[in-house]
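Here's the structure, in structure tokens; my notes come after.
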Protein chains: 2
Amino acid sequence: MPKARLTPASVTEAAAALVDEVGFDNLSMGLLAERLGVRTPSLYKHVTSQAELAHRIAVLAMTEAGDVIRDAIQGRSGSNALAAGAQAMRTYVREHPGRYAAANATRPTGPDDPFIPASERVLASWAAMLSGYDLDPAQEIHAMRTLRSVLHGFATLEAAGGFQIDASVDESFTWLINFIDQGLRAGAANGSDVGR
Amino acid sequence: MPKARLTPASVTEAAAALVDEVGFDNLSMGLLAERLGVRTPSLYKHVTSQAELAHRIAVLAMTEAGDVIRDAIQGRSGSNALAAGAQAMRTYVREHPGRYAAANATRPTGPDDPFIPASERVLASWAAMLSGYDLDPAQEIHAMRTLRSVLHGFATLEAAGGFQIDASVDESFTWLINFIDQGLRAGAANGSDVGR
DNA sequence: GCCTCTAGCTAATCGCGTTAGCTTCAGTGG
DNA sequence: CCACTGAAGCTAACGCGATTAGCTAGAGGC
């Protein structure tokens with residue numbers, strides 16, 4: 001029955017869709033093979049191991065997230081760019097929780113790992129967005145880390161079902177964005193105050 | 001050689017120490033048994049499964065974190081309480097990354113899961129701390145979620161080695177705390193502004 | 001001093017990732 | 001049109017880690 005059906009890319013794509021459904025921790029070669037209508041060992045013609053597959057999902061996720069965030073920020077600045085970028089990231093994580101989990105579980109395997117440029121693209125988008133706030137250059141790194149922390153923290157807590165109370169999570173997120181925006185604008189106003 | 005050596009509690013404690021060393025994902029019954037000087041199947045006299053063991057570690061972690069945060073906030077208020085509590089949490093996660101990972105990987109198993117009150121104790125500490133900021137009651141939930149997001153996000157990013165650049169992570173964390181503090185104080189001043 | 005209860009042990013099972021080696025179609029060169 | 005090669009899939013089998021079954025021996029109570 002050999003018919004040129006699968007490729008590394010198609011297997012990765014299917015695996016990404018699978019983890020979004022069943023959760024990254026529940027990824028298994030057998031389940032993926034079943035989805036693809038193929039026997040488990042056949043997958044090894046396209047990926048060398050489950051670990052490599054997980055890493056491919058991570059690269060895919062980081063690339064997609066980078067695209068989505070860049071597109072959201074495109075053409076906006078300041079508060080609008082922040083709100084659009086943050087919403088875009090949150091939406092991506094909600095729609096692709098498995099991919100996002102894969103991206104968080106991975107570590108660069110070497111200096112030429114495609115995961116590295118993919119991550120850097122995301123960071124570059126955030127940096128571009130932050131540049132609209134006229135922060136003291138010495139504080140940019142701290143603002144960047146704070147921004148990453150909130151967004152990552154909110155996304156993972158939400159994905160894990162960490163927000164139990166019935167109060168609207170959407171509302172909390174816009175509140176959070178507004179909170180960060182005001183802090184950044186205040187920081188731009190009196191640079192040396194925020195940050196010690 | 002039957003000698004009453006192990007107990008569920010001692011096994012859990014050893015497992016917690018182990019995951020802090022090797023990482024939560026690398027927890028294995030064989031490795032734990034070796035540490036305890038016992039054969040793998042013997043562990044099942046004290047724990048019903050690896051999943052249950054992981055859950056016990058999670059409860060232990062949440063309880064310890066609750067203690068540490070409560071103690072840090074004790075006797076302080078406002079900015080001091082925030083700084084002390086946040087630092088306490090960050091220190092706990094840095095010293096016990098495996099335990100923290102276990103706590104994040106777990107979901108309550110039922111209505112009488114001891115993990116629930118343990119988590120609530122942590123939330124109660126944060127709530128007590130926030131009450132020192134005189135926020136609009138309607139905004140407390142959002143402030144709480146924002147606070148949890150930053151702290152959780154920063155801790156996990158740091159634990160995952162997510163902050164690459166050489167700029168001081170300690171400094172970034174104090175900057176972050178200061179950022180949150182100022183935002184909360186501003187929010188208390190003009191309540192309806194922050195939060196839309 | 002015997003009895004029971006149980007922590008620990010060895011042996012075996014199961015599931016899942018992975019490897020080895022065979023088989024068969026798709027496309028190529030003659 | 002046909003033999004040839006290469007890769008994609010398959011079956012069979014291995015290995016490791018979690019888990020289960022059933023045995024054994026020391027500790028504490030009578």
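Below, read A as the first sequence line, B as the second, and so on, with proteins coming before strands; counting in each chain starts at 1.
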Any H46(A) side-chain N or O less than 4.0 Å from OP1/OP2 of dA7(D): no
Sugar-phosphate only, base, or nothing, as touched by S49(B) at under 4.0 Å among non-hydrogen atoms: sugar-phosphate
Selected nucleotide, minimal atom distance to P41(B) side chain, candidates dT10(C), dG8(C), dT19(C): dT10(C)
Integer-rounded Å distance: dG15(C) P and E34(A) CD: 15 Å
Length of the line joining Y44(B):OH and dA18(D):P, which is rounded to integer Å: 6 Å
Protein-nucleotide distance (R5(B), atom CZ; dG26(D), atom C1'), rounded to Å: 14 Å
For atom CG of L27(A) and atom P of dC16(C), their distance in whole Å: 12 Å
dT10(C) phosphate, OP1 or OP2, under 4.0 Å from R39(B) side-chain N/O: yes
Phosphate-side-chain proximity, S28(A) and dC16(C), N/O vs OP1/OP2 below 4.0 Å: no
Full working for salt bridge (charged side-chain N to carboxylate O under 4.0 Å, His left out) between E13(A) and R56(A): CA-CA 9 Å; E13(A) 187 60 52; R56(A) 281 173 184 273; over 6 Å; no
H96(B) and Y92(B) aromatic ring geometry - parallel, tilted or perpendicular at 30°/60° bounds: tilted
First of K45(A) and L31(A) reached from the 5' end of DNA chain C, by closest nucleotide: L31(A)
Given dG9(D), dT18(C), dC9(C), the nucleotide with the shortest approach to the side chain of L6(A): dG9(D)
Pair F173(B) + F154(B): ring centers closer than 6.0 Å: yes
Whole angstrom value for the distance that separates P of dC16(C) from CG of L53(A): 16 Å
E171(B) and I141(A): CA distance, side-chain angles, deciding distance, side chain to side chain contact (heavy atoms under 4.5 Å, CB included) verdict: CA-CA 10 Å; E171(B) 201 178 316; I141(A) 177 68; over 6 Å; no
Atom-to-atom span, CE of M29(A) to P of dG17(C) - whole angstrom: 7 Å
Whole-Å distance separating the CG atom of L43(A) from the C1' atom of dA7(D): 15 Å
Heavy-atom side-chain proximity of L151(B) to W126(B) below 4.5 angstrom: yes
